[in-house]
Student: 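Take this structure, written in structure tokens, and hold onto it; I'll ask about it next.
Note that the structure is predicted; figures quoted are calculated from it, not measured.
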Amino acid sequence: QVQLVESGGGLVQAGSSLTLSCGVSEDTYVINGVGWYRQPPGQQRELVATIGADDSTNYSDSVKGRFTIFRDNAKNTVYLQMDSLKLDDTAVYYCTAGTFVGIHYYPNSKWGQGTQVTVSS
């Protein structure tokens with residue numbers, strides 16, 4: 001089964017940028033889709049960005065215009081570039097491999113440890 005490892009989290013100030021990395025154990029170009037989720041403290045996990053095999057992308061309303069998901073197939077890595085970070089972006093961020101049914105994304109890989117992003121004022 002494909003394995004993914006998140007990295008790149010940290011403590012940053014509001015308004016700054018941070019780029020997360022998702023290392024994938026298989027060639028990223030053969031994976032149907034990759035999604036980034038986040039789980040803020042005490043809240044449910046939410047899907048924030050996806051990228052399809054054709055590099056089509058989708059974002060949640062909460063991050064649209066500030067976050068960018070992209071892949072580097074040569075490095076088997078999917079990134080999440082986060083700009084204009086807000087306090088509400090504080091969360092543990094996870095990446096998954098998955099499939100699309102229509103416009104809906106369904107993760108089908110095991111959840112990793114995630115990477116903590118903390119945004120301070």
Side-chain angles (χ1 to χ4, degrees):
Q1 187 177 22
V2 63
Q3 295 182 333
L4 301 93
V5 178
E6 306 91 347
S7 63
L11 173 62
V12 296
Q13 288 191 322
S16 61
S17 299
L18 195 64
T19 300
L20 306 182
S21 299
C22 174
V24 185
S25 63
E26 297 181 4
D27 292 335
T28 49
Y29 66 83
V30 301
I31 295 175
N32 183 262
V34 172
W36 278 98
Y37 287 78
R38 69 183 181 186
Q39 186 167 20
Q43 299 184 39
Q44 290 187 331
R45 197 173 290 171
E46 65 167 334
L47 179 64
V48 296
T50 62
I51 185 166
D54 59 355
D55 283 340
S56 59
T57 58
N58 281 287
Y59 302 91
S60 66
D61 288 342
S62 60
V63 307
K64 194 174 297 181
R66 299 188 298 119
F67 289 13
T68 304
I69 186 172
F70 61 99
R71 68 170 82 208
D72 185 337
N73 290 337
K75 296 182 178 180
N76 289 348
T77 301
V78 176
Y79 301 92
L80 184 67
Q81 180 180 329
M82 306 183 295
D83 298 320
S84 303
L85 283 163
K86 304 176 180 180
L87 299 180
D88 288 347
D89 295 320
T90 295
V92 179
Y93 285 73
Y94 304 87
C95 62
T96 67
T99 58
F100 291 93
V101 178
I103 63 172
H104 298 289
Y105 173 79
Y106 296 92
N108 55 23
S109 62
K110 288 184 178 180
W111 295 96
Q113 296 296 313
T115 186
Q116 175 71 48
V117 173
T118 303
V119 183
S120 65
S121 59

Student: Show every disulfide (SG to SG under 2.5 Å) that has at least one partner inside residues 44-75, sequence neighbours left out.
Tutor: none
Student: Can you spot which of D88, L18, L11, V12 makes a side chain to side chain contact (heavy atoms under 4.5 Å, CB included) with V119?
Tutor: V12
Student: Within the side chain of Y105, is there an N or O that forms a donor-acceptor pair under 3.5 Å with the backbone of G35?
Tutor: yes
Student: For V92 and Y37, what are the C-alpha separation, side-chain angles and deciding distance, and is it a side-chain contact (heavy atoms from CB on, under 4.5 Å)?
Tutor: CA-CA 8 Å; V92 179; Y37 287 78; over 6 Å; no
Student: Kindly give the heavy-atom pair with the smallest separation between E6 and T115, and that separation in Å.
Tutor: CB-CG2, 4.0 Å
Student: What is the minimum heavy-atom distance between R38 and A91, and which atoms define it?
Tutor: CB-CB, 3.8 Å
Student: For the atom pair CD1 (I69) and SG (C95), what is the distance rounded to the nearest 0.5 Å?
Tutor: 9.0 Å
Student: Which residues satisfy the salt bridge (charged side-chain N to carboxylate O under 4.0 Å, His left out) test with R45, sequence neighbours excluded?
Tutor: none
Student: If you take all heavy atoms of S62 and R66, which pair is closest and at what distance?
Tutor: O-NH2, 2.9 Å
Student: Please list all pairs meeting salt bridge (Lys or Arg N to Asp or Glu O under 4.0 Å) that have one or both residues in residues 96-119, counting only residues at least two apart or in different chains.
Tutor: none
Student: Distance from N58 atom CG to L47 atom CG, nearest 0.5 Å?
Tutor: 9.0 Å
Student: Do other residues, nucleotides or ligands put more than 12 heavy atoms under 6.0 Å from the CD atom of Q113?
Tutor: no
Student: Less than 4.5 Å apart, side chain to side chain, heavy atoms only: is that true for L20 and C22?
Tutor: no
Student: What's the shortest heavy-atom distance between S84 and S17, and which atoms?
Tutor: N-OG, 4.3 Å
Student: Do T96 and L4 make a side-chain contact, defined as non-hydrogen atoms from C-beta onward lying under 4.5 Å apart?
Tutor: no
Student: Using a 3.5 Å distance criterion without hydrogens, assess whether the side chain of S25 forms a donor-acceptor pair with backbone atoms of V2.
Tutor: no
Student: Under the rule for salt bridge (charged side-chain N to carboxylate O under 4.0 Å, His left out), what residues qualify as partners of D61, not counting sequence neighbours?
Tutor: K64
Student: Could you give me the CA-CA distance, side-chain angles and deciding distance for W36 and F67, then say whether side-chain contact (heavy atoms from CB on, under 4.5 Å) is met?
Tutor: CA-CA 11 Å; W36 278 98; F67 289 13; over 6 Å; no
Student: Where do N108 and Q1 come nearest, in terms of heavy atoms and distance?
Tutor: O-NE2, 3.1 Å
Student: Mind checking what makes salt bridge (charged side-chain N to carboxylate O under 4.0 Å, His left out) contact with D55, not counting sequence neighbours?
Tutor: R71
Student: Does Y94 share a hydrophobic cluster with I51, counting links as ILVMFWY side-chain heavy atoms below 4.5 Å and allowing steps through other members?
Tutor: no
Student: In the structure I gave you, are the side-chain heavy atoms of L87 and S121 within less than 4.5 Å of one another anywhere?
Tutor: yes
Student: Tell me whether the count of non-hydrogen atoms from other residues, nucleotides or ligands lying under 6.0 Å of CD in Q116 goes above 12.
Tutor: yes
Student: Do M82 and V117 come close enough that some side-chain heavy atom pair is under 4.5 Å?
Tutor: yes
Student: Write down the atom of I103, the atom of F100, and the distance for their closest heavy-atom approach.
Tutor: O-CD2, 4.4 Å
Student: Quick check: Y79 with F70 (ring centres under 6.0 Å apart)?
Tutor: yes
Student: The criterion is side chain to side chain contact (heavy atoms under 4.5 Å, CB included); which residues satisfy it with S56, sequence neighbours excluded?
Tutor: D54
